[in-house]
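Whatever order the structure lists them in is the order used to number ligands and atoms, beginning at 1.
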Amino acid sequence: MSTPHLTNEPWDEHLIRYGMPFVPRLIAKARGTLIWDSEGREILDFTSGQMCATLGHNHPRIVEAIREACEGALHLFSGMLSPPVVVLSQRLAGLLPPRLSKSLFLSTGGEANEAALKLAKLHTGNFEVVGYTGSWHGMTSGAQSVNYVAGRQGYGPMMPGSLALPAPNAYHCPVRHCRDACDGTCLEVGFDMVDAQSTGALAAVIAEPVESSGGVIVPPEGYWQKVKQHCDKRGMLLIFDEAQTAFGRLGRDFAFQHFGVEPDILTLSKTLGGGLPLSATIVSEAMEADCHEKGFMHPTSHVSDPLPAQVALAVLDVLAEERLNARALAMGELLAAGLRYLQDKHEIIGDVRGFGLLQGVELVKDRETRAPDVATGRAITSRCMELGLSMNIVSVGVMASMWRIAPPLSVRSEEIDRGIAILDQAITEVLAEGGRAAAE
Ligand SMILES: Cc1ncc(COP(=O)(O)O)c(C=O)c1O
């Protein structure tokens, strides 16, 4: 018996829903910080697409790089290399500390983490991998096994040996110990738990230096040094996943530069391709040689493809030429000031925190209990879209409801002012309409 179609919109008919509601309009064009729907309505993009368009949408240099690749080669046999790939590996080695000198170029962040986990396992001979509560590392099985923010339920066992550490969230202390300033107790409790659960085969800790989907969590001073010491003590590798944080969003080429700790393995994705699918897994010469010796295998259809590498070279050029690191810090201050102004005005905003152009805003039912106000947050987010501002609302388990605000690094100050004004209007209107009641 066939099920009748309950179609309201054209996209309800033949597309699989993948875990986030579709925005109820089709987007036809994107430039800089702006996108336009198919009816020509202009929308400010405060999510940089899916956190990838750090240079702004369709940057002319990216378009030019795509044209150049069309004149050269788009895709090749996986064992063939091309000039853009070799030059990109050299450019990254030049930007990174000497120890991180060997790159593998893949397509997505999940894939880069998958390769990182395989390299860590092969190199250490162990298999246990520790992720962070609230972390997001991708949708492939290995990466998903150390995602602790959402999406674990219903698929059976995750990878054996997947363990978790509590994220150092000062606003919602995971061990109910601190309030507003993390003193690192959660890390000590976390490693006690890891040791208790480990079968003696600890391979790596994987972490975002500033956890993004998990609530824009900036760790306290000295935190990553302590993590590195814990790793070294146990013979574990530290993997930093800089999908969102590398190349300017936090005002440096790499976020780990802020924290003074070099990872053993670095993964890059989203921001490396500036909107095209490209990722990289980067290790030391010694680790590469050891893993090669042990038979490391990870060819994919699009490994070392020339097109995205050509685009990444343009991304690196534009970052330097347009001084986007400095710009992210300056515009980030402006954005944070606007958000704090809204916090003073609207009780629903419990906390504003972040770094550079990665800002998080907690939406609470009351500032004392800090209980998340999911329904009103959703209603305001929808109103923002109607008013011409695209915002990403993320839920961190049952703990928090947050906007993760991350416009392209090319955002202009008047666009930040416009975004803050729209947000102000949306919050005011939704709360006046009865807020939560209206949302439910
Ligand atoms: C920190 C982080 N790592 C990895 C990924 C996965 O990247 P992809 O979706 O390209 O597989 C994401 C995606 O949001 C991410 O935020």
S.K.: Run the numbers for me: atoms of ligand 1, each under 4.0 Å from some heavy atom of Thr108, listed by number.
M.R.: 10 (O), 11 (O)
S.K.: Would you mind checking which non-hydrogen protein atom is closest to atom 8 (P) of ligand 1, with the distance to 0.1 Å?
M.R.: Gly109 N, 3.4 Å
S.K.: Any atoms of ligand 1 less than 4.0 Å from a non-hydrogen atom of Lys270? List them with their elements.
M.R.: 12 (C), 13 (C), 14 (O), 15 (C), 16 (O)
S.K.: Gly138 heavy atoms, cut-off 4.0 Å: which ligand 1 atoms fall inside?
M.R.: 6 (C)
S.K.: Could you tell me whether the side chains of His230 and Gln225 share a donor-acceptor contact shorter than 3.5 Å?
M.R.: no
S.K.: Answer with side chain, backbone, both or neither: which part of Ser269 has a heavy atom less than 4.0 angstrom from an atom of ligand 1?
M.R.: neither
S.K.: Please determine if Trp136 has a nitrogen or oxygen closer than 3.5 Å to a nitrogen or oxygen of ligand 1.
M.R.: yes
S.K.: For ring pair (Phe, Tyr, Trp, His ring centres under 6.0 Å), just list the numbers for His258 and Phe355, CA-CA rounded to whole Å, side-chain angles, deciding distance to a tenth of an Å, and then say yes or no.
M.R.: CA-CA 10 Å; His258 280 298; Phe355 210 131; 4.3 Å; yes
S.K.: Does the N or O separation between Gln244 and ligand 1 drop below 3.5 Å for any pair?
M.R.: yes
S.K.: Tell me whether the centres of the aromatic rings in Phe46 and Trp403 are closer together than 6.0 Å.
M.R.: no
S.K.: Are side-chain heavy atoms of Ser284 and Met287 found at a separation under 4.5 Å?
M.R.: yes
S.K.: Go through it in stages, so that I can follow the logic: the residues are Ser162 and Met159, the test is side-chain contact (heavy atoms from CB on, under 4.5 Å), and I'd like the CA-CA distance, side-chain angles, deciding distance and then a yes or no.
M.R.: CA-CA 6 Å; Ser162 302; Met159 292 294 240; 3.7 Å; yes
S.K.: Numbering the atoms of ligand 1 from 1, which are under 4.0 Å from a heavy atom of Asn113?
M.R.: 3 (N), 4 (C)
S.K.: By number and element, which atoms of ligand 1 are closer than 4.0 Å to a non-hydrogen atom of Gly110?
M.R.: 6 (C), 7 (O), 8 (P), 11 (O)
S.K.: Test Phe240 against Trp224 for ring pair (Phe, Tyr, Trp, His ring centres under 6.0 Å), laying out the working first.
M.R.: CA-CA 10 Å; Phe240 272 156; Trp224 290 121; 5.1 Å; yes
S.K.: One pair to check against side-chain contact (heavy atoms from CB on, under 4.5 Å): Arg404 and Ser212. What are the steps and the verdict?
M.R.: CA-CA 8 Å; Arg404 181 183 63 196; Ser212 177; 3.0 Å; yes
S.K.: Do the numbers put Arg370 on top of the ring of Tyr171, so that NZ or CZ is under 6.0 Å from the six-membered ring centre and no more than 45° off the axis?
M.R.: yes
S.K.: Show me which atoms of ligand 1 lie under 4.0 Å from any heavy atom of Glu208.
M.R.: 1 (C)
S.K.: Check whether any N or O atom of Asp241, backbone or side chain, sits under 3.5 Å from an N or O atom of ligand 1, and answer yes or no.
M.R.: yes
